[in-house]
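Naming: A, B, ... by sequence-line order, numbering from 1 per chain. Not measured: the values here are computed from a predicted model.
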Amino acid sequence: EAGVTQSPTHLIKTRGQQATLRCSPISGHTSVYWYQQALGLGLQFLLWYDEGEERNRGNFPPRFSGRQFPNYSSELNVNALELEDSALYLCASSSSASSYSTDTQYFGPGTRLTVL
Amino acid sequence: KNQVEQSPQSLIILEGKNCTLQCNYTVSPFSNLRWYKQDTGRGPVSLTIMTFSENTKSNGRYTATLDADTKQSSLHITASQLSDSASYICVVISGGGYNKLIFGAGTRLAVHP
């Protein structure tokens, strides 16, 4: 069974540009989560999509947005990039949309975004 | 304020030795607690998920404990191997919705030969 995949592996942008990151969940999973992991910091929750809908978002500005497609893959867009957006962006998927669920989130390898 | 604190921040042990990582949380209401292992440059991998009623859960050489009264959890690694070198992240999920997924900063473990 293929795991969660993310593309690209690395992305280099300059300040003010836009970045698009992509995630494909494990087959059969309907929920996709996005996290930001800045260097030396813990994981920060960004967005949660399930069945094509945004279910919740973390404390990030509106220039962080995304969507989930009918095949449950997802895209994270970051507009007007700032230097502090440089981080590892991780995508995870799970089979359950319940926040009370004990279902495991399976993480992808991440996209390392560098903003110059 | 909902917080998850892990200790120590980093730890160096010799191959074959045991170690215990700590996680204290102030998250309420509590749903479940998870331990993840994250190798450098990779996504986290789930080790254990513990609900309120579970005190101990093992996954191979990893054993997690949970004391819901004192809001403490520990991850014990037995007979460490070089491949155990990674960051170990404690995550607490509150019952208040997914924006209540609270991550600890992690403990960076280095196992030396």
Side chains of B/Ser74 and B/Thr65: is there a donor and an acceptor less than 3.5 Å apart? yes
What residues of residues 7-16 of chain B make heavy-atom contacts with chain A at a cutoff under 4.5 angstrom? none
Between A/Phe107 and B/Tyr36, does the ring centroid distance fall short of 6.0 Å? yes
Please determine, by modelled atom types, if A/Glu75 and A/Tyr49 share a side-chain donor-acceptor pair under 3.5 angstrom. no
Salt bridge flag under 4.0 Å for residues A/Arg67 and A/Glu54: no
At a 4.5 Å cut-off on heavy atoms, which part of B/Gln6 comes close to chain A: side chain, backbone, both, or neither? neither
Is the ring pair A/Tyr33/A/Trp48 parallel, tilted or perpendicular, if the boundaries are 30 and 60 degrees? parallel
So which part of A/Leu43 gets closer than 4.5 Å to some heavy atom of chain B, the side chain, the backbone, both or neither? both
Less than 4.5 Å to any heavy atom of chain B: does that hold for the side chain of A/Gln44, its backbone, both, or neither? neither
May I ask you to decide if the ring planes of B/Phe30 and B/Tyr25 are parallel, tilted or perpendicular, using 30° and 60° as cut-offs? parallel
Can A/Lys13 and A/Asp85 be counted as an ion pair, charged N to O under 4.0 angstrom? no
